[in-house]
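Taking it in order: structure first as structure tokens, then the write-up.
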Amino acid sequence: AVAQRLDRAGRAINAEPQRAQTLVGDARQDIAATVVGLREIIADLRPPALDELGLVPALELVIARLPATPPVRLHLEGTVRRLDPDRELVALRMVQEALSNVRRHARATRAEVRLSFEGHALRITVEDDGQGFVPREEYEGGHWGLVGLHERATRFGGSVAIDSAPGAGTRIQIVLPDHAVVQPSAEVIDPVCHARIQPDSAYGSATYNDIDYFFCCPVCQGAFQRDPARYAA
Ligand SMILES: [Zn+2]
């Protein structure tokens, strides 16, 4: 729009100087608006607190800015450490998305975010005491932004597991491995569905009691992470 206005101003500048001046003025306003918009987008993409202070303080800021109800408490487990910048950003965005779902849909009286810094992964739990839902239907219907959570986690070799039932609140567990998916070097068996997984072709992995498990798909990985004791060797 700016370039078009300036082109027209250029053509009009001799014959219609008044119109050219108006067009240039409009173009200037467009640019100012664009700069403001870009600043907002950039701030939104990567909050300064995230780079400077890390995920935990950035998340504390985000939570402090939320409406007072439902109250959101943040718990930390393990030794807090920095992750790579992309993972910190995706972690922050996923918690924001989960909390915005809580606010919009859950009718909760409280919510809780837990960040567990595990050996090779960050585990994020977002829990509320709201009205809950039937996860499968909601997931397939693309509701609640849950599909978005899956996509984001998958991009980082992670997973999302959802525990919810009508009237029983909702718990979302997100696992973000520190690095891309750890891969098996030999054929392994998926502990959930017992599929054979060829070397370097696992969808995801999880460590439980110091043993690595590999999965064929997000459903199996999610099932394992909800209840590892049930499937572990
Ligand atoms: Zn499987």
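Since the structure is predicted, the reported quantities are computational estimates derived from the model, not experimental observations. Counting starts at 1 for both ligands and their atoms, following the listed order. By convention here, the first residue in the shown sequence is residue 1.
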*Interatomic spacing from NE2 in His194 to CD1 in Ile189 - rounded to 0.5 Å*: 9.0 Å
*Partners passing salt bridge (Lys or Arg N to Asp or Glu O under 4.0 Å) against Arg11 (at least two apart in sequence or in another chain)*: none
*CG/Leu23 to CD/Glu16 distance, rounded to the nearest 0.5 angstrom?*
9.0 Å
*asked:* Tell me how many protein N, O or S atoms are within a distance shorter than 2.8 Å of the Zn ion (ligand 1).
replied: 4
*Show the numbers, then the answer: is there a side chain to side chain donor-acceptor pair (under 3.5 Å) between Gln183 and Ser201?*
CA-CA 7 Å; Gln183 290 290 346; Ser201 62; 5.6 Å; no
*Hey, are the side chains of Ser164 and Arg171 touching, using non-hydrogen atoms and a 4.5 Å cut-off?*
no
*Residue pair His120 / Pro177, side-chain heavy-atom distance below 4.5 Å*: no
